[in-house]
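So the structure is just underneath, and the comments pick up after that.
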Amino acid sequence: MAKDFSTREENYSQWYNDLVIRADLAENSAVRGCMVIKPYGFAIWEKMQAALDKMFKDTGHVNAYFPIFIPKSFFSREASHVEGFAKECAVVTHYRLKNAPDNKGVVVDEDAKLEEELIVRPTSETIIWDTYKNWIQSYRDLPLLINQWANVVRWEMRTRLFLRTAEFLWQEGHTAHATSEEALNEALTMLDVYATFAEKFMAIPVLKGTKTASERFAGAIETFAIEALMQDGKALQAGTSHFLGQNFAKAFDVKFLNRENQLDFVWATSWGVSTRLLGALIMSHSDDHGLVLPPKLAPTQVVIVPVFKTNEQLGQISEVARKIQSSLQQSGISVKYDDRDTQKPGWKFTEYEFKGVPVRLVLGPRDLEQGTIEVFRRDTLEKDILQVEDIDRKVIHLLDQIQENLYQKAIDFRENNSHMVDTWEEFLQKIEGPGGFLYAHWDGTAETEAKIKEETKATIRVIPLGQPLAEGKCIYSGNPSSQRVIFARAY
RNA sequence: CGGGGUAUAGCGUAGUCCGGUUAGCGCGCCUGCUUUGGGAGCAGGAGGUCGUAAGUUCGAAUCUUACUACCCCGACCA
């Protein structure tokens with residue numbers, strides 16, 4: 001077990017911060033609010049990207065790239081959009097520096113003021129819709145299904161590595177459709193893609209639902225989201241998908257001729273997930289021994305550690321180890337054989353454990369004699385001595401089991417921390433206590449939602465999709481309600 | 001952005017209240033030897049403009065002011 005490392009119980013948020021740093025995922029940079037994603041953290045992000053990108057392509061999308069800068073005037077075209085983002089925009093006002101008069105460093109050259117200031121994109125709807133205007137004339141140009149992988153900047157007051165940083169990496173899909181139904185379907189399809197990704201790859205169960213008006217994306221008609229429950233009982237929005245109606249089409253005058261030869265505005269969606277997913281991943285599975293990664297996203301899925309005294313031993317062990325390595329690699333498993341003699345085995349065990357490598361294989365002289373190998377699984381911390389024959393098949397099976405076990409554990413956790421709540425007293429008691437997802441009736445008004453948030457810091461995470469309606473009374477106002485919504489304190 | 005706190009070697013810290021030699025310790029790092037099945041041991045060694053800037057003083061890590069960064073709590077947000 002790692003020393004000098006907070007436990008979840010002692011201080012959950014300290015535990016998270018320590019973990020991100022100590023597992024070499026990311027660190028704070030010289031720029032306020034911006035992080036450096038280190039190679040190990042970035043490797044996880046790359047795996048997420050690869051899986052998501054494939055899912056996007058499989059659903060008919062293509063990638064493109066739009067500028068990081070957006071003319072200021074574009075922003076004001078869509079009223080609620082400006083309002084939503086105005087407070088957190090970085091603005092470029094000049095394009096040149098010059099030597100300071102006293103020759104100490106450089107200053108902004110006031111003569112190089114931009115005619116029109118540029119906004120560093122907090123999201124790309126405006127620049128993209130201004131571009132789509134030229135790409136779309138006919139229903140034959142639709143649907144337009146484009147995604148971009150990019151960085152965005154939102155000038156946040158308080159930042160936390162991965163969870164909220166001033167600059168972050170994400171993907172944003174922006175689609176145009178001929179009909180409202182088709183666009184709405186697209187938004188829901190992508191919500192499903194996100195949910196599938198979260199569950200199959202990240203091993204995180206998520207709730208799918210609709211956001212209330214107050215939590216809606218600036219400029220959207222409807223915002224859908226997936227919500228995950230973290231180990232401290234707080235919710236984390238892990239992805240959003242928006243049905244934008246014709247709002248941006250109208251703001252940017254994007255019209256097409258339909259089959260009836262009539263001019264109409266196109267229907268739009270946008271959807272995104274960000275490096276915040278790394279925060280979700282960490283907080284869902286990791287423990288007091290460090291990071292725990294689901295095999296499907298682990299940069300190194302299997303590490304092989306030799307234990308040896310002499311070079312002859314190392315040679316013999318390496319022969320077996322490399323055979324295992326290459327046969328696993330042929331099955332698409334990423335395997336690291338760590339034969340460094342600069343670190344001791346015990347040091348390596350702790351290190352890989354901390355970094356969440358799902359499976360560790362240890363080979364020593366005893367194993368060579370007996371034809372065995374030690375297998376350690378990170379999720380349960382269990383150690384087994386197995387026969388070395390067929391070890392590749394056993395390991396592949398074990399990786400599947402670990403993936404499944406992490407998902408099941410996360411589901412169990414969520415079940416144990418989801419509660420039907422019917423009275424205000426119960427609501428208060430639960431929200432102040434263990435937290436979790438609270439299923440409660442709500443009268444549907446923004447006033448009640450705001451009051452509850454004010455008094456408890458709990459927000460409506462989603463109005464669940466596909467849940468049967470059930471009459472009830474609002475836990476706060478007592479007014480009639482047609483279904484339960486999900487409350488939680490959130491990141 | 002409001003309230004509170006912190007800043008001394010790569011990391012963690014002592015010293016700061018009460019100014020006074022070469023700023024101490026642990027981890028890590030380098031060299032050598034012995035070690036290697038859960039973070040090795042011994043010996044030697046390198047590494048500091050005490051966050052930045054200005055001020056007070058014969059003298060500042062220590063006192064004053066401003067700035068910056070980070071942490072905690074609020075407001076805002078993916």
Side-chain angles (χ1 to χ4, degrees), chain A residues 1-6 11-14 16-18 21-22 27-35 83-89 104 122-123 152-172 194 211 214-218 223 225-228 235-242 270-280 289-290 305-311 313-314 317 338-354 360-370 372-374 376 381 383 385 453-454 457 459 461 490-491:
Chain A
M1 159 112 124
K3 298 171 245 171
D4 312 323
F5 177 61
S6 306
N11 186 341
Y12 191 84
S13 82
Q14 190 63 46
Y16 175 83
N17 292 337
D18 288 354
I21 301 295
R22 293 280 304 280
E27 61 188 35
N28 283 304
S29 70
V31 184
R32 173 197 204 118
C34 295
M35 65 179 160
E83 202 187 325
F85 286 105
K87 283 175 289 183
E88 49 187 29
C89 285
K104 285 179 186 164
T123 178
V152 287
V153 168
R154 296 180 187 175
W155 215 258
E156 298 290 347
M157 300 302 180
R158 256 182 91 191
T159 59
R160 286 189 76 192
L161 293 170
F162 293 121
L163 296 174
R164 177 164 298 107
T165 46
E167 180 194 22
F168 57 94
L169 305 183
W170 76 346
Q171 57 69 218
E172 45 181 328
Y194 288 157
K211 286 289 184 181
S214 70
E215 300 267 329
R216 199 174 284 155
F217 174 73
T223 287
I226 53 169
E227 291 280 331
L236 184 115
Q237 179 175 307
T240 51
S241 182
H242 315 290
S270 68
W271 28 274
V273 295
S274 71
T275 37
R276 187 182 225 209
L277 288 179
L278 277 151
H289 298 260
V305 177
V307 178
F308 58 95
K309 284 186 177 151
T310 65
N311 273 337
Q313 281 178 344
L314 177 61
I317 290 164
D338 187 352
D339 60 352
R340 290 177 296 174
D341 64 354
T342 51
Q343 311 291 354
K344 295 184 60 179
W347 187 93
K348 293 175 186 174
F349 297 166
T350 316
E351 179 72 4
Y352 293 115
E353 193 168 304
F354 206 89
R360 183 186 71 225
L361 303 177
V362 179
L363 271 172
R366 286 209 299 270
D367 296 302
L368 287 192
E369 277 171 30
Q370 294 162 19
T372 57
I373 187 163
E374 183 187 286
F376 171 87
L381 301 168
K383 228 188 285 192
I385 308 286
K453 183 177 179 182
E454 200 181 308
K457 292 184 217 151
T459 51
R461 300 320 301 159
Y491 276 95

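Hydrogens, waters and symmetry mates are skipped; everything else that's a heavy atom, side chains included, is used. Each chain gets a letter, A, B and so on, in the order the sequences are listed, and its residues count up from 1.
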Run the salt-bridge test on A:Glu351 and A:Lys344 with the 4.0 Å N-O cut-off and return the result as yes or no.
->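 Here A:Glu351 does not pair with A:Lys344 in a salt bridge, since their nearest N and O are not under 4.0 Å apart.
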
If pairing requires Watson-Crick or G-U wobble contacts with both distances under 3.5 Å, which nucleotide is the partner of B:rU57?
->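 Across any shown strand, B:rU57 pairs with none.
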
According to the Watson-Crick and G-U wobble definitions, with both distances under 3.5 Å, which nucleotide is paired to B:rC29?
->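 Paired with B:rC29, as far as the under-3.5 Å criterion goes, is B:rG45.
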
What's [X] touching, base or sugar-phosphate or nothing? Going by heavy atoms closer than 4.0 Å.
X: A:Thr165; value: base
X: A:Phe376; value: base
X: A:Leu236; value: nothing
X: A:Arg340; value: nothing
X: A:Thr240; value: nothing
X: A:Glu156; value: base

So which protein N/O to nucleotides 40-44 of chain B N/O distances come out below 3.5 Å?
from   : atom 1 : to       : atom 2 : distance (Å)
B:rA40 : O4'    : A:Lys344 : NZ     : 3.3

Rounded to the nearest angstrom, tell me the gap between atom [atom1] in [X] and atom [atom2] in [N].
X: A:Arg22; N: B:rC27; atom1: CZ; atom2: P; result: 15 Å
X: A:Gln343; N: B:rG28; atom1: CD; atom2: P; result: 10 Å
X: A:Lys453; N: B:rA75; atom1: NZ; atom2: C1'; result: 9 Å
X: A:Phe308; N: B:rG37; atom1: CZ; atom2: C1'; result: 12 Å
X: A:Gln370; N: B:rG37; atom1: CD; atom2: P; result: 17 Å

Which nucleotide in the list B:rU36, B:rA78, B:rG38 gets nearest to the side chain of A:Phe349?
->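 Shortest atom-to-atom distance from the side chain points to B:rG38.
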
Write down the distance separating the C1' atoms in B:rU6 and B:rU16, rounded off to the nearest Å.
->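 Per the computed distance, 14 Å lies between those C1' atoms.
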
Atom P, compared across B:rU57 and B:rG15: separation rounded to whole Å |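 B:rU57 and B:rG15 have their P atoms separated by 29 Å.
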
Determine whether any donor atom in the side chain of A:Glu353 lies under 3.5 Å from an acceptor atom in the base of B:rG38, or the reverse, and answer yes or no.
->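 Present.
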
Specify whether A:Phe217 and A:His242 have parallel, tilted or perpendicular ring planes, treating 30° as the upper limit for parallel and 60° as the lower limit for perpendicular.
->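 Geometry flag for A:His242 against A:Phe217: parallel rings.
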
Take A:Arg461 and A:Thr459 through the side-chain hydrogen bond (donor to acceptor under 3.5 Å, both in side chains) test and state the conclusion after the steps.
-> CA-CA 6 Å; A:Arg461 300 320 301 159; A:Thr459 51; 2.7 Å; yes

Give me, pair by pair, the N or O atoms of the protein and of nucleotides 67-74 of chain B that are less than 3.5 Å apart, along with how far apart they are.
from   : atom 1 : to       : atom 2 : distance (Å)
B:rA69 : OP1    : A:Arg32  : NH1    : 3.2
B:rA69 : OP2    : A:Arg32  : NH1    : 2.7
B:rC72 : OP1    : A:Ser13  : OG     : 3.3
B:rC73 : OP2    : A:Arg158 : NH2    : 3.0
B:rG74 : OP1    : A:Lys457 : NZ     : 2.8

